[in-house]
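Sequence lines set the chain letters: A, B, ... in the order given, protein chains first and strands last, and positions in each chain run from 1.
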Number of protein chains: 2
Amino acid sequence: MTHLPKTFPEKLGGAPHSKQSLRLWLRMLSCTILIENTIRNRLAEQFSTTLPRFDVLSALERHPDGLTMGELSRFLMVSNGNVTGLVSRLEADGFVVRSRAPKDRRTHYVKLTDKGMEQFKAMAHVHENWIDEMFASISVEEENRLMDDLRQVQNSVIRSNPEKNPS
Amino acid sequence: MTHLPKTFPEKLGGAPHSKQSLRLWLRMLSCTILIENTIRNRLAEQFSTTLPRFDVLSALERHPDGLTMGELSRFLMVSNGNVTGLVSRLEADGFVVRSRAPKDRRTHYVKLTDKGMEQFKAMAHVHENWIDEMFASISVEEENRLMDDLRQVQNSVIRSNPEKNPS
DNA sequence: ATAAAAAACTTTATGTTTAAAATAAAATCG
DNA sequence: CGATTTTATTTTAAACATAAAGTTTTTTAT
């Protein structure tokens with residue numbers, strides 16, 4: 001169970017890598033949670049904000065022309081109902097604004113306000129330093145290799161799910 | 001204060017790997033969310049359950065002697081209050097049992113019931129197949145490399161956070 | 001022995017998240 | 001044109017999640 005036998009009894013026809021993929025997935029997950037929790041704690045301590053709020057501001061900063069609610073939810077890979085609540089709270093705090101599109105009155109465009117941009121910039125710089133610190137003992141070669149391999153994983157996952165990509 | 005090496009060339013001149021580490025982190029994150037969402041959707045469709053519930057059952061299956069609430073929350077890397085609610089719901093549904101320790105009456109041991117074990121086994125097999133499918137086009141070499149590199153990342157993150165490891 | 005501190009867990013308040021249902025506007029079609 | 005369908009978003013209800021404060025029990029230091 002924990003140790004692989006010397007003679008690896010894989011079937012010829014394409015048996016998977018035993019539990020190797022599962023272990024890899026669990027390591028990816030714990031690694032991600034570890035980093036996420038670190039960022040979450042520091043955002044709370046130093047900026048009194050939360051990771052989802054930071055993620056919304058970050059997404060909007062990368063799209064200066066604004067995003068619709070649906071685009072935002074797909075970009076962040078969360079449900080659309082989730083985005084509604086987050087944006088409402090951020091709007092109440094003056095960090096973002098919603099505006100209806102003149103053409104299609106169903107769509108709402110969300111944009112950063114000046115206050116939101118300022119707040120994000122202050123956080124982004126520090127946030128990037130946290131990431132740099134956390135990855136400090138990873139060499140550039142390792143980082144490039146990880147980038148490539150993770151891209152392969154993304155492609156593999158998408159390829160394995162032909163019909164619907166999860167929201 | 002930190003355990004950074006004495007010669008830390010990036011500290012002086014400027015940006016370390018530029019925004020390379022940030023990009024890597026964002027790719028790790030999107031990759032993880034992609035897989036998580038896939039699993040979440042399939043657990044809902046095929047077993048009418050949720051990922052957090054599956055995670056609890058999975059953790060308990062790996063610890064047949066049971067876990068305390070605190071051990072469980074640390075193992076899953078979630079808050080202790082979160083575990084209380086999850087376990088309460090799972091207990092109400094008959095998948096787990098809580099029992100007080102005779103020695104230390106503060107601690108509650110959580111264990112799988114037979115029903116919980118049966119339910120988990122049914123899900124675990126299918127779950128492993130999902131993972132295998134998602135990683136189908138990743139070679140064994142890539143998987144091993146990713147395992148190693150992600151271990152490096154874990155170590156790097158832990159090393160960068162000397163005082164408190166995030167819960 | 002007794003008070004203070006620590007540990008294990010729960011509770012509370014707030015916020016996040018999802019799936020599903022509801023609403024509303026636009027596009028399609030007969 | 002009017003009916004249907006599709007699209008964009010919001011609302012709802014339940015579950016999930018966190019931090020902080022509270023409860024009970026054990027340990028430690030007087």
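V110(A) and V97(A) fall into different hydrophobic clusters, where Ile, Leu, Val, Met, Phe, Trp and Tyr residues are linked whenever their side-chain heavy atoms come under 4.5 Å apart, directly or through other members. Residues F95(B) and F47(B) share a hydrophobic cluster, clusters being chains of Ile/Leu/Val/Met/Phe/Trp/Tyr side chains in contact below 4.5 Å. In the hydrophobic clustering of ILVMFWY residues, with side-chain heavy atoms under 4.5 Å counting as a link, Y109(A) and L72(A) come out apart.
Where R40(B) and K103(A) each meet DNA chain C at their nearest nucleotide, the meeting point lying more 5' is that of R40(B). Judged by closest nucleotide on DNA chain D, G81(A) is the one of G81(A) and R53(B) placed further toward the 5' end.
When rounded to the nearest whole Å, the span between CD of E91(B) and C1' of dT10(C) equals 13 Å. F47(B) places its CZ atom 20 Å from the P atom of dA15(D), with the value rounded to the nearest Å. The interatomic distance linking Y109(B) (OH) with dC9(C) (P) rounds to 9 Å, in whole Å. For the pair H108(A) NE2 and dT23(C) P, the interatomic distance rounds to 16 Å; values are reported in whole Å. Following rounding to the nearest Å, L76(B) (CG) and dC9(C) (P) show an atom-to-atom distance of 14 Å. Distance R100(A) CZ to dA24(C) C1': 9 Å, rounded to the nearest Å. Between L72(A) atom CG and dA8(D) atom P there is a gap of 15 Å when expressed in whole angstrom units. Computed from coordinates, the L43(B) CG to dA19(C) C1' distance equals 14 Å when rounded to whole Å.
With distances taken from any side-chain atom of S79(A) to the nucleotides dT18(C), dT18(D), dA25(C), the minimum falls on dT18(C). Here the nucleotide nearest the side chain of T84(B), chosen from dT17(C), dA17(D), dT10(C), is dT10(C).
Closest heavy-atom contact between I39(A) and L51(A): CG2-CD1, 3.9 Å.
In this structure, R98(B) reaches the dT10(C) phosphate: one of its side-chain N or O atoms is under 4.0 Å from OP1 or OP2. Of the side-chain N and O atoms in T68(B), one or more sit less than 4.0 angstrom from OP1 or OP2 of dC9(C). Residue N82(B) places at least one side-chain N or O closer than 4.0 Å to OP1 or OP2 of dT18(D). Between dA19(C) and N41(B), a contact under 4.0 Å exists linking OP1 or OP2 to a side-chain N or O. Between N37(A) and dA17(D) there is no side-chain N or O to OP1 or OP2 distance below 4.0 Å.
In this model, a side-chain donor or acceptor of R106(A) finds a partner on the base of dT7(D) within 3.5 Å.
Among the atoms of the strands shown, base atoms are found under 4.0 Å from some heavy atom of N80(A). Residue T107(A) is classed as a sugar-phosphate contact, given heavy-atom separations below 4.0 Å to backbone atoms only. Within 4.0 Å of G70(A), counting heavy atoms only, lie sugar-phosphate atoms of the nucleic acid but no base atom. Residue G85(B) is out of contact with every strand shown, counting any heavy-atom pair closer than 4.0 Å.
Note that the CZ atom of F135(B) and the CE atom of M28(A) stand 5.5 Å from one another [nearest 0.5 Å].
Checking Q20(B) against N144(A) by side-chain atom types alone, a donor-acceptor pair falls below 3.5 Å.
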